[in-house]
Every structure is written in structure tokens, then in C-alpha cells.
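A short write-up of the structure that comes next.
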Amino acid sequence: MSVLNEENIKSRFCELTHLDPTEAEGYSSLITAARAFSEKRFLREPVGEEIASCEYAAACKAFYDYTALRIASENSYATVSGGASLRTYQSGSVTAAENLWKQALAALPEGLCGDVGFVFEGAAG
């Protein structure tokens with residue numbers, strides 16, 4: 001059973017991205033993945049007010065993934081009337097989203113969450 005409420009994570013994700021809930025539905029896989037990523041790193045089950053902090057941290061993870069996805073997406077568009085537009089995202093926004101996520105993790109109580117850096121969780125051989 002999931003400890004974190006995905007609807008709460010989605011709500012916080014919408015606050016961070018300025019998307020409405022309908023638009024956020026297109027990113028439900030990012031939100032689900034961020035929830036699973038967060039829950040996998042719990043060293044113990046969060047209780048009380050810790051749950052809200054964990055949901056915010058999961059929303060920050062989803063926001064980080066969303067920002068990286070937006071950077072990688074197509075930047076130029078052509079219109080039916082022959083016009084063209086260019087959409088640009090600053091790579092600094094990915095760094096800012098990562099910093100927000102790290103700050104949210106740092107605000108969690110000590111001993112609640114394991115390392116989220118690059119590590120091999122297991123290897124066969």
C-alpha cells in the first residue's frame with residue numbers, strides 16, 4: 001500500500017509547474033514515478049506531518065523530471081498560416097528544479113529517507 005497520496009503530490013506539482021489539473025494529467029506517469037521513487041527510499045514509514053513533507057519532496061522530484069523533459073522537447077513550431085515560433089527553456093531551470101528537490105529532501109527529518117544520489121542498488125555477478 002502506498003504511503004503517499006498521489007492526488008496531494010499532483011496538487012503540489014500543479015503549484016510548482018503552474019499547470020491546471022487537466023494539463024497535469026498528461027504528466028501523471030512522472031507523478032507516479034516520483035511517488036514510487038520517493039517511497040522506495042524511505043528507511044521508515046513517515047507519520048503525521050512527515051507525510052506532507054514527503055509528498056512535497058515527491059512533487060519536487062516530479063517537477064525536476066518535468067523540467068528536464070521540457071528542456072529536451074522540441075523547441076520550434078510552424079503554424080497552419082505559415083508562421084513559426086520558437087520556445088526556449090534555460091538549462092539553468094533544470095539546475096534550479098534540482099536544487100528545489102534537494103532542499104525539499106534536506107527538510108525531511110533525519111533518518112527518514114535514504115541516499116538519492118547515483119548508486120548501484122544491486123548487481124548480479
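Just so we're clear, the structure is a prediction, and the values are computed from it rather than from any experiment. Throughout, residue positions are numbered sequentially from 1 according to the sequence presented.
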So, does Glu50 use its side chain to make a donor-acceptor pair with the main chain of Val47 at under 3.5 Å?
-> yes
For salt bridge (Lys or Arg N to Asp or Glu O under 4.0 Å), just list the numbers for Glu6 and Lys10, CA-CA rounded to whole Å, side-chain angles, deciding distance to a tenth of an Å, and then say yes or no.
-> CA-CA 6 Å; Glu6 199 158 316; Lys10 178 182 171 184; over 6 Å; no
Cys54 SG to Phe42 CZ distance, which is reported to the nearest 0.5 Å = 4.0 Å
Give a yes/no verdict on a cation-pi contact between Arg41 and Phe37, requiring under 6.0 Å between NZ or CZ and the six-membered ring centre and an angle within 45° of the axis.
-> yes
Smallest heavy-atom separation, Val94 atom then Ala68 atom, equals CG2-CA, 4.0 Å
dist Lys102:NZ -> Cys60:SG (nearest 0.5 Å) comes out at 13.0 Å
Rounded to the nearest 0.5 angstrom, the CD1-OG distance for Ile31 and Ser11 is 10.0 Å
Validation row: Ile51, Asn5 side chains within 4.5 angstrom (heavy atoms) = no
Shortest non-hydrogen pair, Ala57 vs Leu105, comes out as CB-CD2, 4.2 Å
Which of parallel (below 30°), tilted (30 to 60°) and perpendicular (above 60°) describes Trp101 and Tyr64?
-> parallel
Verdict with reasoning, Leu19 to Tyr27, per side chain to side chain contact (heavy atoms under 4.5 Å, CB included) = CA-CA 10 Å; Leu19 296 173; Tyr27 300 98; 3.9 Å; yes
How many angstroms lie between atom OH of Tyr56 and atom CZ of Phe13, to the nearest 0.5 angstrom?
-> 13.0 Å
Is the side chain of Glu45 donor-acceptor paired with the backbone N or O of Val3 at a distance under 3.5 Å, no angle test?
-> no
Correct closest heavy-atom pair for Ser93 and Ile71 would be OG-CD1, 4.0 Å
Mind checking the CD1-CG spacing from Ile9 to Leu4? Nearest 0.5 Å is all I need.
-> 5.0 Å
CD-SG distance between Glu25 and Cys14, expressed to the nearest 0.5 angstrom | 8.5 Å
Heavy-atom donor-acceptor pair, Glu39 side chain to Ala36 backbone, under 3.5 Å = no
